[in-house]
Amino acid sequence: MVNRFLHSFLLSVRAIDIASELLLELSLPLMTFFIAEEFHVSGIIAVVVAGILKASRFKKITLLEAQVDTVTETVWHTVTFMLNGSVFVLLGMELELIAEPILSNSLYNPLLLLLSVVVLTFLLFAIRFVMIAGFYFVRTRRLKKKIHKYMKDMLLLTFSGVKGTVSIATILLIPSHLEQEYPLLLFLVAGVTLLSFLTGLLVLPHLSEEQEESKDHLMHIAILNDVAAELEKELDHHKNKLPLYAAIDNYHGRIENLILSLENKRVQEDWESLKLLILSIESDGLEQAYEENRISERGYRVYQRYLKNMEQSINRNFASRVTYYFLVSLRILRFLLHEMFTFGKTFRSWMNEESRKLLAVDYDQISELYLENTELIIESLENLKGVYKSSLISFMQESRLRETAIIGSGAFVERVINRIKPNNIDEMLRGYYLERKTIFEYEEAKLITAKYAKKLRQNVNNLENYSLKEAANTLPYDMLDLIRRT
C-alpha cells in the first residue's frame, strides 16, 4: 500500500521515470521488512508476499512500463543471484558450527537426526507436489483436459524449487539465546536444504526434454539460413555492398555458434583443431608468397593482421594455450631483435604514409593468395573426412567457399582481410525485419511452437535494441577512418 501510494504520488506530480521506478522496486523489500518487524511478524515472509502482490498487479502497456520492465528484470536477476549466493556462502561458513554441537551432543541420536532430515525432505517435496497438483487439477477441469498429461510438468515444478534461501534466511534470524532449540533447528534446515538441493540435481536431468529442444534449435538454424539467403538476394540491388556483407556475416556467425552449441565437447574440440589447421595453411602460404615476391610488404602486413585476428578467435585447451603464448612471445622477441639490427626499419615504413597505403595491385595479390590458400584448405579438409565428422568438414568447406564467392567484389579485402566495421544499421534492421517475418511463417506452418517463437522474438528484440543504441563504441573505427582520409 505504501509503495503504491508513493507510485501514485510521483505520477501526480509528473516525477515518474525509470530511475524513480527502479528505486521504488528496490526499496520495497526493505520497507516491507522493517514495517513487518514493527508489527512483530516475520519480515522474510512479508517480503515474499509483497513480491507476489507486486508481480501480480495489472500492467499497463506503455513505453515507460516496457523500459522499466527491461531494466528491473536485469537488476533483479543480478540482485537475486548475489543474495542467493551470499546466503549459501554464509551457510557453508557456518556449517561446521551448525553440525558440531548437534553431532557431539549425547542428547541427540545422529542416525535419528539424519532420518529426520530425509523424512522432512520427503515431506517438503510431497507438500509441493500436492499443492502444484491441486492447481493443475483446478486448471485442467476448467479447460476440460486430462491431468495425467501434465505429470512431467508437475514433477519439474516440484523438484526445481530446491534453493531453500528463504528457509535459511529465516532460521538465521532466530535469536541465538534459544540454546537448545536453535542448534537443532539450524541443523535440520541446513540438512533439508542441502538434501533437497542434491535431489534436484539428480532428478531434474532425467525430467528434461533434450530432443524437443534440439528440434527447435534446428528450426532456428533454418530460420537464420533463410534470412541470410534473403539478404544475399538483395546484393544485386545494393550499390554499397560492404554494409550488407557485414549483416550477412553476422547471421552466418550466429548460425555457426548455434550449430556448435548443439554438438558435444569432442566435436567442439575438433572444430578448434580444424581452425588451427586452416591457420597453419594460411600462414605457410603467406610466408611462401612473401619469399617468392608474389605479395608486397604492404599486402603481407595486412594479411598477417587477418591471420592474427583468426588466431585470437580460436579457443584452445590449456596446453595449446601455453604453447600459443610461448610462440607469440618468441615472435615478439624476434620482431624486437629484427628492429634493433635494422635500426627500426618496420617502424620507419609505418611512419611513411605512402608505404602503408594499399594499391590496386596489392588488392589483386591478396585476393589471389586467398584463392590459392582456399584451394589448399578445401583439399586438405577433403582428405580429413575419414578422420573428422563429415558434416563438420562440409560446413567448414562451405563457409570458406562462401567467402571466396565474392572475390570479384571490391569490398572483398575490407570485408575478409581488414574486417572494417561499416555503418550497417539499416542492413541489420532489414535483417531483423526478415527474421521476425520468417519466425511468424514457421510458427504459422507449425514448424516451431508458439513458446519457442516467443523466445526467438525476444532474442530479435534484444539484438535490435542493442544495435539501435547511440552509445555504441565506434571510436577506434572512427580513428582508423580519419587516418585513412588524412
Side-chain angles (χ1 to χ4, degrees), residues 1-91 128 131-132 134-135 138-139 142 157 160-161 163-175 425 429 432 436 450-451 454-455 457-473:
M1 287 173 64
V2 173
N3 184 268
R4 288 181 179 178
F5 169 76
L6 291 172
H7 186 267
S8 302
F9 174 74
L10 290 172
L11 275 174
S12 64
V13 297
R14 298 184 180 276
I16 201 77
D17 58 6
I18 297 174
S20 57
E21 285 275 7
L22 183 59
L23 286 173
L24 277 176
E25 287 253 353
L26 292 174
S27 63
L28 176 62
L30 297 173
M31 186 167 55
T32 304
F33 182 84
F34 289 118
I35 291 174
E37 288 295 318
E38 286 298 316
F39 285 96
H40 302 289
V41 295
S42 172
I44 296 289
I45 303 301
V47 170
V48 173
V49 174
I52 292 171
L53 291 174
K54 179 75 174 174
S56 304
R57 76 191 190 282
F58 291 105
K59 296 181 181 179
K60 297 178 182 178
I61 302 177
T62 62
L63 180 61
L64 178 63
E65 286 279 350
Q67 291 171 334
V68 169
D69 184 71
T70 303
V71 173
T72 52
E73 185 178 5
T74 305
V75 170
W76 277 121
H77 273 301
T78 308
V79 170
T80 304
F81 178 78
M82 291 173 62
L83 292 177
N84 271 325
S86 61
V87 167
F88 279 97
V89 167
L90 286 172
L91 176 63
R128 280 183 188 164
M131 297 293 287
I132 293 166
F135 170 78
V138 175
R139 186 178 178 85
R142 192 192 314 163
L157 288 169
S160 59
K163 291 185 177 65
T165 312
V166 174
S167 303
I168 297 171
T170 305
I171 209 70
L172 289 174
L173 290 174
I174 291 178
I425 183 64
L429 291 176
Y432 298 142
R436 285 194 184 92
K451 182 180 178 181
K454 179 183 176 182
K455 179 183 176 182
R457 289 190 185 100
Q458 288 174 341
N459 291 342
V460 177
N461 290 341
N462 291 335
L463 289 167
E464 190 174 57
N465 290 336
Y466 184 72
S467 300
L468 288 170
K469 279 187 178 178
E470 295 179 1
N473 183 17

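Remember, it's a predicted structure, so these values are computed and weren't measured experimentally.
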What is the minimum heavy-atom distance between Trp76 and Glu25, and which atoms define it? NE1-OE1, 2.9 Å
Hey, are the side chains of Thr72 and Leu26 touching, using non-hydrogen atoms and a 4.5 Å cut-off? no
Interatomic distance, CD1@Ile35 vs CE@Met1, rounded to 0.5 Å, equals 10.0 Å
Quick one: OG1 on Thr78 to CD on Glu73, what's the gap to the nearest 0.5 Å? 10.5 Å
Rounded to the nearest 0.5 Å, how far apart are CG of Leu429 and OG of Ser467? 7.0 Å
side-chain hydrogen bond (donor to acceptor under 3.5 Å, both in side chains): pairs with one or both residues in residues 33-53, sequence neighbours excluded: none
What are the two closest non-hydrogen atoms of Ala36 and Gly43, and how far apart are they? CB-CA, 3.9 Å
Distance check, rounded to the nearest 0.5 Å: Met31 atom CE versus Asn3 atom CG? 5.0 Å
I need the Tyr432 OH to Asn465 CG distance, nearest 0.5 Å. 10.0 Å
Listed pairs under 3.5 Å, donor-acceptor, residues 16-23 side chains, sequence neighbours left out:
{"unit_1": "Asp17", "atom_1": "OD1", "unit_2": "Ala19", "atom_2": "N", "d": "3.4"}
{"unit_1": "Asp17", "atom_1": "OD1", "unit_2": "Ser20", "atom_2": "N", "d": "2.9"}
{"unit_1": "Asp17", "atom_1": "OD1", "unit_2": "Ser20", "atom_2": "OG", "d": "2.8"}
{"unit_1": "Ser20", "atom_1": "OG", "unit_2": "Asp17", "atom_2": "N", "d": "2.9"}
{"unit_1": "Ser20", "atom_1": "OG", "unit_2": "Asp17", "atom_2": "O", "d": "2.9"}
{"unit_1": "Glu21", "atom_1": "OE2", "unit_2": "His7", "atom_2": "NE2", "d": "2.6"}

Nearest 0.5 Å, what's the CD1-OG1 distance between Ile45 and Thr32? 13.0 Å
Residue list, side chain to side chain donor-acceptor pair (under 3.5 Å) with Asn461, at least two apart or on another chain: Arg436
Derivation and outcome, side chain to side chain contact (heavy atoms under 4.5 Å, CB included), residues Leu24 and Leu28: CA-CA 6 Å; Leu24 277 176; Leu28 176 62; over 6 Å; no
So which atom in Pro29 and which in Val47 form the shortest heavy-atom distance, rounded to 0.1 Å? O-CG2, 3.4 Å
